[in-house]
Amino acid sequence: MAATTSAAVTESPGLETQRKEIESLLQEHELRAGDTWYLVERRWYEQWKEYVVTGDQNSSSFPGQIDNTELFEELDSYHLKERLVENEDFVLIPAEAWRNLLAWYGMVDDQPALERKVVDLPSTVKVEVYPVEIFLCLHSNMENVVTAQFSRADHIHTIQKVMMKQFEVVEGAETRLWMKSSDTCCERLRNVHVNVLDSCLISGMTVIMEMRNADGTWPSSRPQIIRNSVEEQESYRGQPGVCGLTNLGNTCFMNSALQCLSNTPPLTEYFLRSAYLEELNFTNPLGMKGEIAEAYADVTKQMWSERHYSVVPRLFKTKVGHFASQFLGYQQHDSQELLSFLLDGLHEDLNRVKNKEYIELRDADGRPDQEVAEEAWHNHRRRNNSVIVDTFHGLFKSTLVCPECRKVSVTFDPFCYLSVPLPFSKDRVMEVFFVSLDPVAKPVQHRLVVPKAGKVFDLCSALSEMTNVSVNQMVVADVFNHRFYKIYHADESLSCILDRDDIFVYELSSRSVEEEGDEVVLALYLRERSQYRDSGSGSSSCGTSLFGHPLLMAVPRVQCSRNALYHLFLQRLARYVRPPDPSEEGEDDEELYKIQTNGVSDDDGEDNGMRPGPFKRDDCCDGGQWDGQADGPAVTQTQESGKQVQAEGTSSEVRAGCSTEDSASASCSAEASAGVPTNSQQGAGLQQQQPCETEVEEEKGECLPQTNERKGYQARCRKLLFSIQAVNSNGTTERGMGEDGSAFSFSSQPYVAIDWDPDMKKKCYNENEAEKYVKHQSMEVPHQQTTVQLQECIELFTTVEILEEENPWYCPICKKHQLATKKLDLWSLPEVLIIHLKRFSYTKYSREKLDIIVDFPLRHLDFSGCLLRKTGTNGEPPSRYDLIAVSNHYGGLRDGHYTSYARNKDNGQWYYFDDNKVTYAREEQIVTNAAYLLFYHRQDKIRQPTLLPPSDSSSSPAQPANDVTSHKHDGMERATSCVNMETD
């Protein structure tokens, strides 16, 4: 059916006028929040541009009506396709340009105009291509759900009007809206004049409308979904504060920080008694309009309501992401960074100072420290006065000394937490597997101590001292999933090797290093073939899968033929590959041989044997085999006798007793006798073999045994255990061979795979033996993990240091920037002291996480020795602290998991919080190498528990406390000298 216009088409101006008018509108209009832009399908727009530039009124390039069909997922609902890209799928034009195009060309009938609003998001202004899709329903009929789309710039009042029209609510009826973010969480949309973005409405949420009853009451104090959830948990009464937090997706960092703050008594009590309602600051330009404080209060009250096993902090997460774009989405973050933002946000939202005055800071100028400190603290409180300052802020003294004029500058600065450094070790412990050149020797696991800033050469040097193998004969590789993830060079940094990587060090022959060019280092993969039938075509296909551990071995370049490599590989795998016993040969082996050779046997006609020159690819496998050697030896024909013989390399007995040159001659002789072209015939490839007189050798009968022996020889040839393929570094895509198919041609790091038939692998490959390894005596020595005292870290914090070049100090005397010496001292400490252990080390040369154990006291942490402000006669309390919470981080730089320990303020019991899972904890479990943030409460402010501790801490309603085991990753079992080794 022909499409008709959905709007009256007016007479359009000339093509040049159209082009200039639209281009002018595109150049003049900038993105402004609230403006309307339109989506136009790019292909139609490009055709229009071509039409107005090169065409005329009767041109064949006439674009026709505006057609956005390609942008819709389906024409019934006109739902926009997902993941459309601007300037690839569509173009954006301002409203005036759209009206002109619509008037000139019209639009395909029934297609809606793709009108979109410009929204002002945090740090960006853009056209909202995908609006927020919200579910709408009435409280009285929550089964009747309607889907609607709204711009993030639309106000809640707009949603209200749409719902009243959609559900035919009587005009003038008094209504109110609820936002449902999960099955158990709803929130009132109190301010209908805020927009969708500020109200934290996102796609997938439900807006519920209820209408006031005739008697002036509301149908319920909250939507039915909340009442049901409360009734379901009426029977549950838990310990206040003992409540998990659901992981929304990589939000363990947030959960850990929230649990620590939730168990900080002065802050929690402040929110539980709703004191924050009187101090919300909605006008502070540095704050979040009280929304962060309200969101945190909601989470705190839910966690301490006794009615929840676990709380879903989705709304809090949304608020945090809204005001701090770095926390948008569900990426992994640092709990200390979240804590820093949250404390600052709570402070600004609850700041009692409404109008901050400007205060000019003064230098000490030789005045007494007491006077300067009191002045600094008074000035700080004039601009910052909140429960956060009351609870978490302290004061430290900063002393700067100019190295040139010796000018001394003293300032007193407030702090919210102490970031203390950890002692830095220059060495690291690495565990590697050493693979000897001896084929029957098992891999040996070694534990090495190497420099953190060292090179791969240093690792090899440390291993050389244990193995007496020259560094030049070692190659280091990272093995992952049965393949080489990376083969390292000696000058590469050790920082790129992670502790969890499986590192193998391979011993190579000295000749491969000393005589460059004579040998090539091959990377050897093991693959198992599998056949499957294509359901579509009905044909049979062949695939491969890697198994076992790869090898690195040096091979003489003159022995890079398929036949010579077969025996070299067989010798290298001798420890766990057993050739079949001749007495076990039978019909099954004959059938296996026929499968390997695609049915080519000695009795086949001569047509199958007439294949001089290079081998062709076999169609059986997925681009993987040569014609005549799909799985076994190639079948060729000698030029004189016309009989078929199998191409086989020299016997292992001959190779074992001859030199490289003899072996090359023997290999060449065997190839010539088998009909394989020699080097003189191929003219290319990496085989450098001596010419052989094939005719003379055969006339003398020296090339092959006599008739009976020859048949036995051919039978042995049929028993090739595997075939050889040149592959890429992943062990998947097969690369080409030499020009004649008998020699491999390598241009870079050579990778070779040996392919096993499943039956042959089951018979001859010993998987248990292949996986075994031996532990060196260095593995038996227990790895002593470094332990430092918390007091040492605090002393490092107060140590004199020289400023970095990126952060110099401007000396007012020298009138220039100087690399001054700086010293920090503690002057006064807050009621709750947060200590941040700087486990993540970032330098110009390396990045790492320090996993040393910091031994911190659970009670009586005394700062009297390092506190400058001494206890006076005014009864100032002593500076002793007790631990109340710990935020833990397990893992490394790239990934990890956060948990927390916390002491309940009401019963004094320690608990372990792992997202929504809460268990009892024992005090001896708390000090680990995962401790990251420490929360200490000053003893004079600690209130005694109001409840008795649980009578039996060995059990919990959620899970027994004895299930809280060590959270460190266990190493490999060390009970026996030979155990299985899994590297994938």
Side-chain angles (χ1 to χ4, degrees), residues 260-261 263-267 336 339 369-370 373-374 377 389-399 412-423 786-801 823-839 852-888 900-905 908 910 921-945:
C260 291
L261 282 182
N263 286 278
T264 301
L267 184 65
Q336 188 271 333
L339 180 68
D369 286 350
Q370 183 72 24
E374 290 179 357
W377 184 249
V389 176
D390 298 340
T391 307
F392 297 99
H393 281 207
L395 205 65
F396 58 66
K397 175 185 176 182
S398 174
T399 305
F412 288 83
D413 302 305
F415 67 87
C416 192
Y417 51 84
L418 293 181
S419 291
V420 298
L422 273 61
T786 307
T787 302
V788 299
Q789 300 296 320
L790 178 60
Q791 199 65 32
E792 297 179 46
C793 302
I794 297 174
E795 291 174 359
L796 280 176
F797 175 78
T798 58
T799 301
V800 177
E801 62 179 359
K823 187 177 188 305
L824 293 177
D825 292 292
L826 299 175
W827 178 261
S828 63
L829 298 176
E831 177 181 348
V832 176
L833 176 63
I834 302 175
I835 300 178
H836 168 220
L837 303 178
K838 298 173 69 174
R839 291 196 176 275
I852 62 176
I853 295 178
V854 178
D855 189 6
F856 49 89
L858 273 63
R859 298 179 183 84
H860 310 302
L861 176 61
D862 193 354
F863 283 92
S864 58
C866 56
L867 196 62
L868 294 184
R869 182 183 179 185
K870 302 300 181 182
T871 302
T873 57
N874 57 355
E876 183 179 348
S879 300
R880 291 190 178 183
Y881 288 80
D882 287 350
L883 188 72
I884 57 173
V886 180
S887 175
N888 303 306
S900 56
Y901 289 105
R903 179 178 179 269
N904 188 273
K905 68 181 182 65
W910 280 93
R922 301 184 298 273
E923 291 188 354
E924 57 267 24
Q925 292 177 300
I926 297 173
V927 179
T928 68
N929 65 341
Y932 185 45
L933 298 173
L934 310 178
F935 287 68
Y936 279 95
H937 198 184
R938 204 167 64 200
Q939 287 182 345
D940 66 298
K941 294 291 185 178
I942 295 178
R943 180 173 53 83
Q944 293 300 318

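All values reported here derive from a predicted model rather than from experimental measurement.
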| Intermediate values then yes/no, side chain to side chain contact (heavy atoms under 4.5 Å, CB included), L339 and Y417 | CA-CA 10 Å; L339 180 68; Y417 51 84; 5.8 Å; no
| request: Apply side chain to side chain contact (heavy atoms under 4.5 Å, CB included) to L267 and V832, showing your working. | output: CA-CA 10 Å; L267 184 65; V832 176; over 6 Å; no
| said: Could you go through T264 and I834, starting from their C-alpha distance and side-chain angles, then the distance that decides it, and tell me whether this counts as side chain to side chain contact (heavy atoms under 4.5 Å, CB included)? | reply: CA-CA 11 Å; T264 301; I834 302 175; over 6 Å; no
| task | Check the pair R880 / D862 against side chain to side chain contact (heavy atoms under 4.5 Å, CB included), numbers first and verdict last. | result | CA-CA 5 Å; R880 291 190 178 183; D862 193 354; 3.5 Å; yes
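Between the side chain of R938 and the main chain of L833, no donor-acceptor pair closer than 3.5 Å is present.
Counting all heavy atoms, side chain and backbone alike, L837 lies closest to A931 at CD1-O, 3.5 Å. Across Y936 and F856, no two heavy atoms sit closer than the pair OH-CB, 3.5 Å. When all heavy atoms of T787 and D855 are compared, the pair lying nearest together is CG2-CB, 4.2 Å. Annotation for S398 and D413: closest pair CB-OD2, 3.9 Å, computed over non-hydrogen atoms. Taking every heavy atom of both residues into account, C260 and S887 meet most closely at SG-N, 3.8 Å.
Contact annotation: the side chain of L790 approaches that of L934 to within less than 4.5 Å [non-hydrogen atoms, C-beta and beyond]. Residues P265 and R943 have side chains not in contact (no heavy-atom distance under 4.5 Å, counting atoms from C-beta outward). Counting heavy atoms from C-beta outward, P266 and E831 have side chains that approach closer than 4.5 Å. V927 places a side-chain heavy atom less than 4.5 Å from the side chain of L858. In this structure the side chain of Q791 reaches within 4.5 angstrom of the side chain of C866, judged on heavy atoms. Residues L883 and L861 are not in side-chain contact: their nearest non-hydrogen atoms beyond the backbone lie 4.5 Å or more apart.
If you take CD1 on I884 and CZ on R903, they are separated by 9.0 Å, rounding to the nearest 0.5 Å. Interatomic distance, NE2 of H836 versus CG of L418, reported as 11.0 Å (0.5 Å rounding). With rounding to the nearest 0.5 Å, the separation of CD1 in I835 from CG in L933 is 10.5 Å. Of the inter-residue distances, the one linking L867 atom CG with L829 atom CG reads 5.0 Å to the nearest 0.5 angstrom. Going from atom NZ of K905 over to atom CD1 of I942 covers 13.5 Å, rounded to the nearest 0.5 Å. Y932 contributes atom OH, which lies 9.5 Å from atom CZ of R839 (distance to the nearest 0.5 angstrom).
Two rings, from H860 and Y881, have their centers 6.0 Å or more apart.
Shown are W827, F412, F863, F415; of these, the ring pair (Phe, Tyr, Trp, His ring centres under 6.0 Å) with F396 is made only by F415.
Remark: E923 engages R859 in a salt bridge (Lys or Arg N to Asp or Glu O under 4.0 Å) (not counting sequence neighbours).
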Please tabulate, one pair per line, all N/O donor-acceptor pairs under 3.5 Å involving side-chain atoms of residues 792-801, not counting sequence neighbours.
| residue | atom | partner | partner atom | Å |
| --- | --- | --- | --- | --- |
| E792 | OE2 | Q789 | N | 3.2 |
| T798 | OG1 | I794 | O | 3.4 |
| T798 | OG1 | E795 | O | 3.0 |
| T799 | OG1 | E795 | O | 2.7 |
| T799 | OG1 | L796 | O | 3.4 |

